[in-house]
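Structure first, commentary second.
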Amino acid sequence: MAIKLKTKVALGGLFLFALLILVGAVSFFYFNRLAEDSKEIVKDNYETLNYSRDMLKELDMLNSKDSVRGFSNFEKHLQLQEDNITEPGEKEMTESLRKHFNQLRQQGLTDSLPSLIREDISGIMQVNLQAIDKKNLAVQASAQQAKTIITICLTICLLLGFTFLFNFPSLVASPIASLTEGIKAIADKNYGQRIHLNRKDEFGDLANAFNSMAEKLDEYEHSNLSKILFEKQRAEAVINSLKDASIGIDKKGMVLFANQQALQLLSLKEPEIIGLSQEEVKKRNDLFRFLVNEQSNSPFKIVVEGKENYFTKEIVDLTHEGQPSGVVIVLKNITPFKELDVAKTNFIATVSHELKTPLASSDFSLKLLEDERVGTLTPEQKELVQNLKEDNKRLLRILSELLDMSQVESGKIQLNLQEVQPWGIIDKALASVQNAAKQKNISIQKQIADNIPAIKADADKTAWVLNNFLTNAIRYSTESGEIIVNIQQEGNNVQFAVQDFGKGIDPQFKDKIFDRYFKIPGTKEGTGLGLAICKEFIEAQGGTITVDSDYGKGSRFSFMLPIY
């Protein structure tokens, strides 16, 4: 059974992995054994030496006034030693130490007993020191043995690995070299080239596929002219069947093709455009000149048979062997979508306008209900009336935003551009948000640079934008927080900025924050239109709008307007 190349590579990788595991396992075994031996020395002997040292120290303290404490501490260390007897002869010395210590507690300090106790402790220490020396020699021998075995194992694995790495690449490189030679021959149009690989893996399949391809190319190379003409006619039929108007131009500027939809829009016939240079056609046809020269992809209008149609242009670059070979201009008819968009905009504007009147009327009725001259309301009724007022305000705000957006979409933004003082816009915006800021005990700081010049702007719409920034900053700031309003000159523009220190904007939503109807997930308030309208208002005045945010630390919304 033939082994596939994928299986061979997998087995080779498995072999190297097995060598790695073998070296690691041997090393781990010996390192673990050395660690256990060292741990045994510490546990069995080093602790006994510590106990013996502490007992000698306590024995020297028995002559002091606090002899009771000394006997107690000596007893504690002696018990620990009795539980840690590990060496031959250590048990007898420990029992002798216990005997002499008991006599010392019964008879008191005499000339002979402390000396006997010291001899017993010294004997115990001597036994453990000799054991440490012996075990240390054994550990060194084990370490040397481990070093030798690991070195031998590593050397064998390295030899096997180098042998494998030296021989394995030829398994892949040799057939690749043959395939490379064959591909170069095909590139030189030597379609008689064949590759012969006596293999049953993927390279063998690739060689067979290459030979089949070369055979087909050889057939195509010797095909007759009628077949080429047939393919040309079929390509022309495909082009003419495209629903979108399409015009092909080669890299020399010659018009290669134009389907029937394109000819109808241009009001031209095939001999008047196909095979001619684009410069010649541009002189005789305004629409063609617009399509070639205009770089913008914005929708544009074309009147066809007395009816307005809207199109978008798409330019597809063609390449051959990595080099530009021409372009295809594709016109997509978006008239139905444009009509639906206009109808949607008109519907929103009509409904919003019609709803504002009854809402204003209901708001007036609610104010009458709060007037005590009409009647006194219970606390529950006052709460219901207050909730209704809040709902009315929210609906009125949504309708106002929808009306503003309908103006934007219909291109009917009415601007009153004039000379405006920046500080006046700041004062107007701050006056409308003072109550909201006081409710959260938020401090709003103004940072206005000296000698700020007047700007060319619509005061009401610019104040509306700044008010929207401040409202959002208050909404997302914490209680007793701070907001900074900054005005400074930037070249030929004046920059307005609102900085808050709230939760900020997640980086993944930063690029969408000015999109229509976009709301950050988890946000309950708002319609997703406010910032989109701000962007339209500022750009309609020739300005720019930006946002900078550090997630978890706050956001800074800003816009710039030109100096008057």
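No hydrogens, no waters, no symmetry mates; every other heavy atom, side chains included, goes into these values.
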Min side-chain heavy-atom separation Ile484-Gln447 under 4.5 Å: yes
Is the backbone N or O of Ala454 less than 3.5 Å from a side-chain atom of Glu419, with the two atoms forming a donor-acceptor pair by type? no
For Lys438, enumerate each residue passing the side chain to side chain contact (heavy atoms under 4.5 Å, CB included) test, keeping only those at least two apart in sequence or located in another chain. none
Give the minimum heavy-atom separation between Pro324 and Lys251, together with the two atoms involved. O-CD, 3.4 Å
Are any non-hydrogen side-chain atoms of Ile444 and Val433 less than 4.5 angstrom apart? yes
What distance separates Glu479 CD from Gln439 CD, expressed to the nearest 0.5 Å? 9.5 Å
Is Val485 close to Phe496 at the side-chain level, that is, under 4.5 Å between some pair of heavy atoms? no
Rounded to the nearest 0.5 Å, what's the gap from OG on Ser477 to CD1 on Ile483? Could you check? 4.0 Å
How far apart are the C-alpha atoms of Phe537 and Asp458, what are their side-chain angles, what is the distance that settles it, and do they pass the side-chain contact (heavy atoms from CB on, under 4.5 Å) test? CA-CA 9 Å; Phe537 280 174; Asp458 183 312; over 6 Å; no
Got a donor-acceptor contact below 3.5 angstrom from the Asn285 side chain to the Leu266 backbone? yes
Kindly write out the residues that satisfy salt bridge (Lys or Arg N to Asp or Glu O under 4.0 Å) with Asp427, not counting sequence neighbours, or none if the list is empty. Lys446
Output for pair (Leu291 CG, Gln278 CD), nearest 0.5 Å, gives 11.5 Å
Sequence neighbours excluded, the answer for side-chain hydrogen bond (donor to acceptor under 3.5 Å, both in side chains) partners of Asp286 is Arg289
Residues two or more places apart in sequence or in another chain: which of them pass side-chain hydrogen bond (donor to acceptor under 3.5 Å, both in side chains) with Gln323? none
Of all the heavy-atom pairs spanning Lys313 and Ile329, show the shortest one and how long it is. CG-CG2, 3.9 Å
Identify the heavy atoms of Ala457 and Val420 that sit nearest to each other, and give their distance. O-CG2, 3.5 Å
Crowded around Lys440 NZ? As in, over 12 foreign heavy atoms under 6.0 Å? yes
Begin from the C-alpha positions of Asn472 and Leu531 and carry the test side-chain contact (heavy atoms from CB on, under 4.5 Å) through to its verdict. CA-CA 10 Å; Asn472 287 340; Leu531 291 176; 3.9 Å; yes
What's the spacing between Lys535 NZ and Ile513 CD1 if we round to 0.5 Å? 13.0 Å
Distance-only check: which donor-acceptor pairs under 3.5 Å involve side-chain atoms of residues 554-564, not counting sequence neighbours?
{"unit_1": "Ser555", "atom_1": "OG", "unit_2": "Ser549", "atom_2": "OG", "d": "3.0"}
{"unit_1": "Arg556", "atom_1": "NH2", "unit_2": "Gln495", "atom_2": "OE1", "d": "3.3"}
{"unit_1": "Ser558", "atom_1": "OG", "unit_2": "Thr546", "atom_2": "OG1", "d": "2.8"}

If you measure from OG on Ser267 to CD on Glu272, what distance do you get to the nearest 0.5 Å? 9.5 Å
Short side-chain to backbone donor-acceptor contact, Asn259 and Ser246, under 3.5 Å: yes
For Glu482 and Phe501 the tightest heavy-atom approach is O-CD1, 3.2 Å
Sequence neighbours excluded, which residues qualify as side chain to side chain contact (heavy atoms under 4.5 Å, CB included) partners of Tyr551? Asp506, Pro507
Sub-4.5 Å side-chain heavy-atom contact between Ile425 and Ile487: no
Any pair with a residue in residues 269-292 that passes ring-ring contact (aromatic ring centres under 6.0 Å, His included), sequence neighbours left out, goes on the list, sorted by first then second residue, please. Phe290-Phe300
Nearest non-hydrogen partners of Val255 and Ile273, listed with the distance: CB-O, 3.3 Å
Is there a side-chain contact between Asn468 and Ile533 in this structure, where contact means two heavy atoms from C-beta onward sitting under 4.5 Å apart? no
List the residues meeting side chain to side chain contact (heavy atoms under 4.5 Å, CB included) with Thr478, not counting sequence neighbours, and say none if there are none. none
The side chain to side chain contact (heavy atoms under 4.5 Å, CB included) partners of Gln434 (sequence neighbours excluded) come to Leu430
Between Gln445 and Ser443, is any side-chain donor less than 3.5 angstrom from a side-chain acceptor? yes
What I'd like to find out is whether the side chain of Val465 reaches to under 4.5 Å of the side chain of Gln541, using heavy atoms alone. no
Glu536 (side chain) donor-acceptor with Ala532 (main chain) under 3.5 angstrom: no
Please list, chain by chain and in numerical order, all residues satisfying side-chain hydrogen bond (donor to acceptor under 3.5 Å, both in side chains) with Asp548, sequence neighbours excluded. none
Rounded to the nearest 0.5 Å, the CD1 atom of Ile452 sits from the CD atom of Gln489 at a distance of 6.0 Å
Closest contact, heavy atoms only, Ala436 versus Ile474: O-CG2, 3.9 Å
List in chain and number order the residues that pass salt bridge (Lys or Arg N to Asp or Glu O under 4.0 Å) with Lys428, two or more places apart in sequence or in another chain; answer none if no residue qualifies. Asp460
Those residues at least two apart in sequence (or on a different chain) that pass side-chain hydrogen bond (donor to acceptor under 3.5 Å, both in side chains) with Asn293 are Lys282
